[in-house]
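Single-structure report; data block below.
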Amino acid sequence: DVTMPPDYYGFDDVALVSGHGDRVAGSYVQWARERGYDPMAQAGRRRALSSFEGWNHVYESATPAALHPTTFIAEEASKRIEEFAATSEPFLVFVSFPDPHHPFAPPAEYFHRHDPADMPVPESFFDHHADSPEYIREIMSRRGTPDTDPMMLWSPTEEQFRHALAAELGSIEFIDDSIGRILETIDRLGIADDTVIVFTSDHGDVFGDHGLILKHFSHYRGVLEVPLIISGGGVGSGNHDELVSSADIAPTLLDLAQA
């Protein structure tokens with residue numbers, strides 16, 4: 001059971017998914033167990049249907065898509081939107097998917113969608129790093145050896161990179177489908193014209209640029225730049241080049257809601 005504090009960052013109702021991949025904690029666990037699946041016992045790399053031996057963060061999850069944390073989040077979001085839409089009160093739903101993130105472990109329905117052999121390698125994958133900081137050159141000297149810190153930047157081989165990318169693209173497509181389910185709920189309820197949708201992320205991943213992967217202690221664009229898409233009534237259209245921050249999102253939404 002998940003015990004929540006009485007005021008969780010101001011939200012009235014909260015369901016949590018804590019961690020990344022297919023073996024996570026929080027409200028999801030009880031949801032899955034109610035459906036006959038125990039992720040604490042049946043998910044994770046040790047239970048994987050298949051795995052890439054070159055890096056223990058790439059594996060095919062034994063968790064089916066219907067019981068995956070990503071599906072739980074999409075269902076919870078849709079349920080709340082339906083409940084709130086039945087009232088005349090304005091509402092905000094914050095939907096946070098832990099994926100796409102390492103471990104790169106999508107369910108079987110998405111793991112085999114892309115062949116690692118077909119994955120493109122970035123043009124900068126073999127950068128010489130002559131002008132890079134010393135610690136980056138040191139990382140490059142250990143290419144193929146993941147850091148003991150699972151979050152730390154490191155330098156993969158082409159094979160390691162291609163397998164990670166193939167699995168990650170499957171995870172991204174799973175997210176795409178799940179977001180599509182939420183948008184379909186909004187359309188079905190007839191509230192699309194009165195709803196502002198924001199799509200963004202907390203950080204990026206170098207993911208092969210400059211021969212590196214992951215994120216910690218680097219300031220490459222792949223890490224720093226994240227998507228920010230805002231759609232809905234009163235938003236307008238077009239691309240913008242201004243420097244923005246996640247701190248700008250809340251006041252922007254309040255302005256759009258005329259709150």
Side-chain angles (χ1 to χ4, degrees), residues 8-17 20 26-28 65-66 68-101 104 106-107 109-110 113-114 165 168-207 209 215 220-259:
Y8 191 84
Y9 295 95
F11 289 100
D12 296 323
D13 185 31
V14 179
L16 292 180
V17 175
H20 295 285
S27 311
Y28 157 73
H68 194 275
T70 293
T71 295
F72 165 72
I73 294 167
E75 286 194 5
E76 286 291 305
S78 295
K79 181 179 71 174
R80 282 164 169 72
I81 291 170
E82 288 180 346
E83 292 172 352
F84 293 138
T87 74
S88 59
E89 295 297 319
F91 63 89
L92 180 143
V93 178
F94 183 93
V95 184
S96 181
F97 292 95
D99 280 349
H101 194 281
F104 309 113
E109 295 93 329
Y110 292 87
R113 290 193 173 192
H114 300 277
L165 179 58
E168 180 74 328
L169 291 179
S171 292
I172 290 172
E173 290 176 359
F174 191 12
I175 296 292
D176 286 345
D177 290 344
S178 300
I179 292 175
R181 290 179 59 186
I182 297 171
L183 297 181
E184 287 172 358
T185 298
I186 293 172
D187 287 338
R188 174 171 52 81
L189 295 172
I191 60 173
D193 291 341
D194 297 320
T195 302
V196 173
I197 299 168
V198 178
F199 176 86
T200 189
S201 181
D202 56 345
H203 61 77
D205 188 307
V206 183
F207 227 108
D209 290 352
K215 61 182 185 295
Y220 291 107
R221 288 190 172 187
V223 174
L224 299 178
E225 295 184 353
V226 299
L228 176 59
I229 303 171
I230 304 178
S231 175
V235 173
S237 62
N239 298 322
H240 297 266
D241 298 323
E242 297 92 339
L243 178 65
V244 298
S245 163
S246 57
D248 298 314
I249 295 175
T252 299
L253 290 175
L254 290 172
D255 283 348
L256 288 169
Q258 299 179 349

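- At least one side-chain heavy atom of Glu82 sits under 4.5 Å from a side-chain heavy atom of Thr185.
- Taking CD1 of Ile172 as the start and CG of Asp99 as the end, the distance is 9.5 Å to the nearest 0.5 Å.
- Listed by first and then second residue, the side chain to side chain donor-acceptor pair (under 3.5 Å) pairs involving residues 193-206 amount to none (not counting sequence neighbours).
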For this session: Begin with the C-alpha distance, continue with both residues' side-chain angles, and end with the deciding distance and a verdict on ring-ring contact (aromatic ring centres under 6.0 Å, His included) for Phe207 and Phe104.
Result: CA-CA 12 Å; Phe207 227 108; Phe104 309 113; 5.4 Å; yes

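- Counting only distance, with no hydrogens or angles, the side chain of Thr87 and the backbone of Phe84 share a donor-acceptor pair below 3.5 Å.
- You'll find the side chain of Ile179 reaches within 4.5 Å of the side chain of Phe199, heavy atoms only.
- In this structure, CG on Leu256 lies 6.5 Å from CG on Leu253, to the nearest 0.5 angstrom.
- A donor-acceptor pair under 3.5 Å is formed between the side chain of Ser27 and the backbone N or O of Leu16.
- Expressed to the nearest 0.5 Å, how far CD1 of Ile230 lies from OG of Ser237 amounts to 13.0 Å.
- How far CD1 of Ile191 is from CD1 of Ile186: 5.5 Å, rounded to the nearest 0.5 Å.
- Here the side chains of Ile81 and Ile182 are in contact, with some heavy-atom distance below 4.5 Å.
- With hydrogens and angles ignored, the 3.5 Å screen pairs no side-chain donor or acceptor of Asp177 with any backbone N or O of Phe174.
- Looking at every heavy atom in both residues, Ala74 comes nearest to Phe97 through N-CE2, 4.2 Å.
- To the nearest 0.5 angstrom, Glu76 atom CD is 12.5 Å from Tyr28 atom OH.
- Summarising the geometry of Val17 relative to Ile73, their closest heavy-atom pair is CG2-CG1, 3.9 Å, with the distance given to 0.1 Å.
- Summarising the geometry of Asp13 relative to Arg80, their closest heavy-atom pair is OD2-NH2, 2.9 Å, with the distance given to 0.1 Å.
- Across all non-hydrogen atoms, the minimal contact from Gly204 to Val226 is N-CG1, 3.8 Å.
- For the pair His240 (side chain) and Glu242 (backbone), a donor-acceptor distance under 3.5 Å is absent.
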Q.
Go through it in stages, so that I can follow the logic: the residues are Thr252 and Val244, the test is side-chain contact (heavy atoms from CB on, under 4.5 Å), and I'd like the CA-CA distance, side-chain angles, deciding distance and then a yes or no.
A. CA-CA 11 Å; Thr252 299; Val244 298; over 6 Å; no

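- Considering all non-hydrogen atoms of both residues, Ala66 and Thr71 come closest at O-CG2, 3.6 Å.
- Side chain to side chain, Glu168 and His101 fail the donor-acceptor criterion of an N or O pair below 3.5 Å.
- What you find for Ala85 and Phe91 is that their closest heavy atoms are N-CE2, 4.1 Å.
- More than 12 heavy atoms of other residues, nucleotides or ligands shown are found within 6.0 angstrom of CG on Asp176.
- Between the OG atom in Ser178 and the CD atom in Glu173 there is a gap of 11.5 Å [rounded to 0.5 Å].
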